[in-house]
Amino acid sequence: MTQSRQRTFRDQDFDPLMGAPPPERPHYTTGMLLDASDFLDEQTYHRGRLAQALAFLSGGGTLAGLRVIHRSRSSDPRVEEEIRVQPGIAIDRIGRLIELHRPACLRLQRWWDGRISADPSAIRQASYTDVGPLLSARARTEAGTDERPPLPARALIADVYLRFIACPRGYTPSFASGPYDALNAVATARLRDAYELLLVPRPGLDAATPGLPSLPAPPPPDADPASRGASLQDAVLDSWPMRGRAGAPEALAPLSEHADGVDPTAHFLARLAIPVDDAAPPARTDGGVLVDNGSRRFVASTQLLQRWIGL
């Protein structure tokens, strides 16, 4: 398979679910002529119905696992410094499941060297002296305790994202497509639901716009049951998005946590505060990398909720 064809599979526009397809399923009858599009439409219908149900019943977020940790460089030169994502599963904002069956990692020093070489100004613009307002309340509270590094005096802020991609697997003989008449043409035999990890620096943040996921505010604790019920009803009535209706393929707008150029379906996993100095461009210092796992969206399972309320 050529490299350009592989990029097509990695492009989100390749997935028909991005176009919010109408819920139409093929209707078969004896003697009907079928081609590949009929079977693709069959898959799209079932994938689309499942994705729609997950997106509205649970919403996008982490279902289980996917904790992000920092693994420091050891005395063994073969062991590199890593940002490791533990196995788990998440739902992206259009309802697709993203699953990691085994730990995945990003080589932090390699990433840093590549960024410095490509655009040192981006590293400088994403470095902040007051990192507290850019982290979750839990990360600020736990910093400096239980072997967690303290809040750095100056840090590069970078975000970890997990995005859904389709990965082609294997080949099978097929008829040639397009202006070709080859007798030995092949086509992709399977598409695996796969993933991609992204680590992106975040310039232009401040306390008013920290670039973190925005979560709905809970009702006041002293609200009476009637007003709480009314607020819940209004939230349901107002929850249908303008984008996402059947047959409406408008572009999906990024959320507050999406950096410029990041896939708007990518699931925000964690924020990193990497200690740096005030040089131009900044250089890394010896402080530990602070990982904020508490800023993401979570989707609690029914079993967890039952345990929480004591059932």
Side-chain angles (χ1 to χ4, degrees), residues 12 15 17-23 46-66 88-98 133-141 159 161-164 205-259 262-271 292-311:
Q12 290 291 6
D15 193 338
L17 296 191
M18 288 297 295
H46 291 289
R47 290 184 65 226
R49 294 291 84 196
L50 174 61
Q52 192 84 329
L54 290 175
F56 283 96
L57 285 175
S58 301
T62 296
L63 277 168
L66 301 179
I89 189 169
I91 304 172
D92 73 8
R93 63 186 297 197
I94 64 173
R96 296 174 299 187
L97 293 171
I98 316 174
L134 307 181
L135 302 173
S136 68
R138 178 179 178 181
R140 294 194 299 269
T141 302
D159 291 341
Y161 299 92
L162 181 70
R163 68 185 289 258
F164 176 96
L205 303 179
D206 54 40
T209 56
L212 294 173
S214 57
L215 304 176
D222 56 350
D224 62 273
S227 63
R228 291 173 67 94
S231 298
L232 177 61
Q233 292 174 347
D234 288 339
V236 172
L237 294 172
D238 296 336
S239 63
W240 183 252
M242 293 303 296
R243 191 269 178 200
R245 296 172 180 165
E250 291 87 357
L252 193 63
L255 299 175
S256 57
E257 65 265 29
H258 289 124
V262 170
D263 180 355
T265 69
H267 175 44
F268 174 95
L269 287 182
R271 171 157 290 178
D292 179 8
N293 281 287
S295 298
R296 72 178 78 185
R297 292 181 171 87
F298 292 93
V299 179
S301 68
T302 304
Q303 290 182 341
L304 284 176
L305 292 176
Q306 288 175 341
R307 290 170 55 188
W308 187 262
I309 63 178
L311 291 180

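By convention here, the first residue in the shown sequence is residue 1. Hydrogens, waters and symmetry mates are skipped; everything else that's a heavy atom, side chains included, is used.
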Rounded to the nearest 0.5 Å, what separates atom [atom1] in [X] from atom [atom2] in [Y]?
X	Y	atom1	atom2	value
L135	L212	CG	CG	7.5 Å
L162	I98	CG	CD1	4.5 Å
L97	I91	CG	CD1	6.0 Å
S58	R297	OG	CZ	14.0 Å
H258	H267	NE2	NE2	9.5 Å
L232	L237	CG	CG	9.5 Å

Item to check | Donor-acceptor contact present, side-chain R93 to main-chain P264, <3.5 Å | outcome: yes
So, for [X] and [Y], which heavy atoms are closest and what is the spacing to 0.1 Å?
X	Y	result
F164	D92	CB-OD2, 4.0 Å
R163	A266	CB-CB, 4.0 Å
D292	G294	OD1-N, 3.0 Å
T265	R96	OG1-NH2, 3.2 Å
L66	A90	CD1-CB, 3.6 Å
P133	P210	O-CB, 3.8 Å

Checklist entry - What residue pairs, at least two apart or across chains, pass side chain to side chain donor-acceptor pair (under 3.5 Å) with a residue in residues 225-239? => result D224-S227
Next on the checklist: Between R271 and S295, is there a side-chain donor-acceptor contact under 3.5 Å, judged purely by atom types and distance?
Outcome noted: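 Their side chains do not contain a donor-acceptor pair, so the 3.5 Å distance test is not met.
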Next on the checklist: Take a 6.0 Å sphere around CD of Q306 and say whether it holds more than 12 heavy atoms from other residues, nucleotides or ligands.
Outcome noted: yes
Checklist entry - Once the angle between the rings of Y161 and F268 is folded into 0 to 90°, is it parallel (under 30°), tilted (30 to 60°) or perpendicular (over 60°)? => result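 Perpendicular: the ring planes of Y161 and F268 meet at over 60°.
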Checklist entry - Please walk me through it: do E257 and D159 pass side-chain contact (heavy atoms from CB on, under 4.5 Å)? => result CA-CA 9 Å; E257 65 265 29; D159 291 341; 5.8 Å; no
